[in-house]
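Positions are given from 1, in the same order as the sequence printed here. This one's a predicted model, so the numbers in the text were calculated from it and none came from an experiment.
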Amino acid sequence: LGQIQSAVSNMDAILSELTQYSRPLQLATEPVDLVDLTREVCEFVMPSYEEKGVALAISPLALASDEGPLERLELPLDRGKMRQALLNLLKNALEATAPGKAVEVVLASRRHDEQVFVKVKDQGEGVRPEILAKLFTPYFSTKGNGTGLGLAHVRKILQAHGGNADLLWSEPGVGSTFALVLPRRDGA
């Protein structure tokens, strides 16, 4: 009975994810401090990281811009959807990183091109070159139990905000850096 309940719960989660991805994305934007949101999401996932023995680091030194440390960065965002996108990257980083290793979250802003980056750097296995082109493709998964919608949905959320989700760097056996890239709006 327990196995049946678990299977039904798993199928419900998969169907929910499939349905959610197939619907047009509706944003409910409001001014959101991206620095606070990033810290909040990191604090939320910290128990999962501690349970696996993976360090999760976000420090004031990592919050940098061309002008110096970032204390606030208010942008027009859909708080729930941005939270979901960052949670997905942090979940993937945790799954990719072995106990005793670390994941670092870096928030950076560049005035010269008006972009904001939330980078998630893991010390996992890296992305194999043969799957790079498929990484953000819907229904493509390297996990046996995945739907292949995680990174595709992250990209969909970021594109709805006028940004993108990208793999910035990866080296097999060393790790990867994924980023949520957002436009920096006037007044932000």
Side-chain donor/acceptor of Lys101 to backbone N/O of Ala96, under 3.5 Å:
no
Is the closest side-chain heavy-atom distance between Asn88 and Lys91 below 4.5 Å?
no
Heavy-atom closest pair (Val181 atom, Leu158 atom, distance to 0.1 Å) is O-CD1, 3.6 Å
Between Val106 and Val174, is there a shared hydrophobic cluster once you connect ILVMFWY residues whose side-chain heavy atoms come closer than 4.5 Å?
no
Please confirm whether the backbone N or O of Gln159 pairs with a side-chain atom of Asn164, one donor and one acceptor, at under 3.5 Å?
no
Test side-chain contact (heavy atoms from CB on, under 4.5 Å) on Leu90 and Phe44; report intermediate values, then the result.
CA-CA 10 Å; Leu90 288 168; Phe44 178 77; over 6 Å; no
Evaluate the side-chain proximity of Val154 to Phe178: yes if any heavy-atom separation is below 4.5 Å, no if none is.
no
Is a side-chain N or O of Arg155 found less than 3.5 angstrom from the main chain of Ala165, in a donor-acceptor match?
yes
Please round to the nearest 0.5 Å and tell me the distance separating atom CG of Asp166 and atom CG of Leu135.
10.0 Å
Could you go through the side-chain contact (heavy atoms from CB on, under 4.5 Å) check for Val116 and Leu107 one step at a time?
CA-CA 7 Å; Val116 176; Leu107 183 59; 4.1 Å; yes
Starting from the C-alpha separation in whole Å, work towards a yes-or-no answer on side-chain contact (heavy atoms from CB on, under 4.5 Å) for Val41 and Met82.
CA-CA 10 Å; Val41 173; Met82 285 304 300; over 6 Å; no
Grab the two heavy atoms, one from Lys52 and one from Thr97, that are nearest each other, plus how far apart they are.
NZ-O, 2.7 Å
Using 4.0 Å as the upper bound for N to carboxylate O, is an ion pair formed by Glu43 and Arg39?
no
Could you pull out the closest heavy-atom pair between Val103 and Val120, with the gap in Å?
CG1-CG1, 3.8 Å
Starting at CD of Glu125, measure out to OG of Ser170 and round the result to the nearest 0.5 Å.
10.0 Å
Quick one: NE2 on His153 to NZ on Lys81, what's the gap to the nearest 0.5 Å?
7.0 Å
Nearest 0.5 Å, please: how far is CZ in Phe117 from CG in Leu168?
7.0 Å
Gap between atom CG of Leu182 and atom CG of Leu34 - 0.5 Å precision
6.5 Å
Please say whether more than 12 non-hydrogen atoms of neighbouring residues, nucleotides or ligands are located less than 6.0 Å from CD in Glu130.
yes
Those residues at least two apart in sequence (or on a different chain) that pass salt bridge (charged side-chain N to carboxylate O under 4.0 Å, His left out) with Glu40 are Arg79, Arg83
Not counting sequence neighbours, which residues clear side-chain hydrogen bond (donor to acceptor under 3.5 Å, both in side chains) with Glu51? List them please.
none
CG on Leu56 to CG on Asp122, rounded to 0.5 Å
11.5 Å
Taking a hydrophobic cluster as the set of Ile, Leu, Val, Met, Phe, Trp and Tyr residues connected by side-chain heavy atoms closer than 4.5 Å, whether directly or through intermediates, do Trp169 and Val105 fall within one such cluster?
no
Glu30: partners by side-chain hydrogen bond (donor to acceptor under 3.5 Å, both in side chains), with sequence neighbours left out
none
Give the minimum heavy-atom separation between Ala160 and Leu27, together with the two atoms involved.
O-CD1, 3.2 Å
Looking only at heavy atoms, the pair that brings Leu94 and Tyr49 closest together is N-OH, 3.5 Å
Closer than 3.5 angstrom, by distance alone: can the side chain of Glu104 be matched with the main-chain N or O of Ala57 as a donor-acceptor pair?
no
Which atom names give the shortest non-hydrogen contact between Ala28 and Asp78, and what distance separates them?
N-OD2, 2.8 Å
